[in-house]
Protein chains: 2
Amino acid sequence: MTPVSDDLKALVEQVKAVSHPLRMRVLALLEPGELCVCQIAETLQVPQSSVSEALRELRRAGFVVERKDGRWVFASVVPKKQASPLLKGILADAGRLLEVLEDRALEVKALSIPVVCSKVQKSSPADRAVSRV
Amino acid sequence: MTPVSDDLKALVEQVKAVSHPLRMRVLALLEPGELCVCQIAETLQVPQSSVSEALRELRRAGFVVERKDGRWVFASVVPKKQASPLLKGILADAGRLLEVLEDRALEVKALSIPVVCSKVQKSSPADRAVSRV
DNA sequence: ATGCCATATCGGAAAATATCGAAATATATA
DNA sequence: TATATATTTCGATATTTTCCGATATGGCAT
């Protein structure tokens with residue numbers, strides 16, 4: 001094949017970032033608002049290390065940003081203004097999937113489960129309502 | 001991980017279809033109009049079997065359709081009406097890449113098909129030994 | 001300091017994918 | 001029919017990715 005430019009490689013890397021069910025689900029799960037790693041792990045029933053690795057790829061692709069708050073790391077999708085056509089397209093298609101809607105509904109329940117992050121456990125319902133929207 | 005639905009699998013398969021430099025280039029190369037397999041192989045300097053395999057994946061993803069004309073197979077991107085948000089996003093981002101514009105600028109279309117095709121068929125591996133992806 | 005907790009990184013075996021020549025298939029033409 | 005051509009499929013190896021437990025890092029509390 002004729003030489004492949006860095007730009008093309010970068011685009012392919014972006015696509016690879018969501019070429020996996022877990023990473024696609026994590027990205028879609030984050031669209032409504034930020035979540036911390038343990039919430040994602042609990043919602044999707046997957047090892048925390050897998051979530052951490054998934055987020056690293058999504059961050060490398062420029063789809064997700066992270067915010068540290070003490071020992072917690074909150075991840076969110078980049079602002080819509082900064083979203084590339086590719087990212088918008090992915091979110092549009094993923095947002096139509098029943099499974100994604102179910103994940104988001106589960107995530108709401110996970111917030112009230114005492115086993116999740118103690119931050120969540122101790123926060124008041126009002127705090128939750130604010131952080132979600 | 002909680003069970004993965006067929007819908008999600010299908011979306012991930014679509015994304016996988018372009019998670020490869022050759023397949024991304026082929027898809028982008030086809031956007032302006034249909035090309036036959038040998039034209040693609042010649043333009044991108046890649047074995048014809050690789051193009052065939054790339055097109056199979058793009059077809060499976062629903063991004064590309066094929067039209068047979070005698071011994072030639074012409075491939076094209078699905079009509080824009082039928083294009084998903086994902087496909088539109090991919091094409092938008094890929095269409096901005098200099099490399100993609102260069103590929104299109106080769107204007108292999110101008111050459112008569114038999115000339116291009118026989119060139120591909122007879123080229124030796126050494127003729128395109130430079131880059132590998 | 002010690003311990004706990006959320007997260008990140010590592011290791012490395014198993015699974016999936018890439019690669020491309022060779023062989024097979026299909027189609028045109030003499 | 002035979003032969004040349006365009007494409008697909010096969011086969012085998014090489015490379016990449018996935019997966020998750022174990023371990024490391026860093027912040028917070030006592």
Side-chain angles (χ1 to χ4, degrees), chain A residues 1 4 9 12-13 15-26 34-42 44-60 64 66-75 110 114-123, chain B residues 1 4 9 12-13 15-26 35-42 44-60 64 66-75 112-133:
Chain A
M1 179 154 72
V4 175
K9 281 181 194 164
V12 168
E13 287 309 307
V15 168
K16 277 190 185 177
V18 284
S19 69
H20 184 283
L22 175 60
R23 297 193 296 264
M24 180 71 78
R25 283 176 90 182
V26 170
E34 68 175 16
L35 294 173
C36 76
V37 176
C38 63
Q39 287 175 299
I40 300 167
E42 171 68 18
L44 303 182
Q45 292 292 296
V46 82
Q48 163 270 324
S49 65
S50 298
V51 173
S52 180
E53 284 164 352
L55 286 173
R56 171 168 25 116
E57 295 305 310
L58 293 171
R59 210 182 325 121
R60 278 163 43 90
V64 157
E66 292 183 355
R67 174 181 72 83
K68 279 190 182 168
D69 183 7
R71 42 189 144 167
W72 297 282
V73 170
F74 289 87
V115 203
V116 236
C117 309
S118 54
K119 164 100 174 182
V120 172
Q121 191 178 348
K122 290 169 185 167
S123 67
Chain B
M1 182 159 57
V4 175
K9 281 181 194 164
V12 168
E13 287 308 307
V15 168
K16 277 189 186 178
V18 286
S19 69
H20 184 285
L22 176 60
R23 297 195 295 264
M24 180 70 79
R25 282 177 92 183
V26 170
L35 294 173
C36 78
V37 175
C38 63
Q39 288 175 300
I40 300 167
E42 170 65 17
L44 304 183
Q45 292 292 294
V46 82
Q48 146 278 338
S49 65
S50 298
V51 173
S52 179
E53 284 164 350
L55 286 173
R56 169 166 27 105
E57 295 305 311
L58 293 171
R59 210 182 326 122
R60 279 164 43 90
V64 157
E66 291 183 357
R67 175 180 71 85
K68 265 188 122 176
D69 182 7
R71 47 188 138 170
W72 298 291
V73 171
F74 289 88
S112 79
I113 291 165
V115 169
V116 175
C117 291
S118 56
K119 199 174 171 185
V120 171
Q121 292 292 324
K122 288 170 184 166
S123 68
S124 69
D127 290 341
R128 50 179 139 72
V130 180
S131 85
R132 204 107 309 173
V133 175

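Note that the coordinates shown come from a computational prediction; the quantities given were computed from them, not determined experimentally. Letters go in sequence order (proteins before strands), and every chain restarts at 1.
Between L55(A) and A75(A), the closest heavy-atom pair is CD2-CB, 3.8 Å.
In this model, a side-chain donor or acceptor of Q48(A) finds a partner on the base of dA8(C) within 3.5 Å.
For the pair D69(B) CG and dT27(C) P, the computed distance is 12 Å after rounding to whole Å. One atom, CD of E53(B), and another, P of dT17(C), lie 13 Å apart when rounded to the nearest Å. Taking atom NZ on K68(B) and atom P on dA26(C), their separation rounds to 8 Å, with Å as the unit. The CZ atom of R67(B) sits 15 Å away from the C1' atom of dA6(D) (whole-angstrom rounding). A straight line from NZ of K16(B) to P of dT18(D) spans 7 Å, rounded to a whole angstrom. The nearest whole Å value for the distance from the CZ atom in R71(B) to the P atom in dA4(D) is 12 Å.
R60(B) is listed as a side-chain neighbour of R56(B), based on a closest heavy-atom distance under 4.5 Å.
The phosphate of dT9(C) (OP1 or OP2) has a side-chain N or O of R56(A) nearer than 4.0 angstrom. Distances shown here put every side-chain N or O of H20(A) at or beyond 4.0 Å from the OP1 or OP2 atom of dA16(C).
Closest to the side chain of P47(B), from the set dT7(C), dC20(D), dG21(C), is dG21(C).
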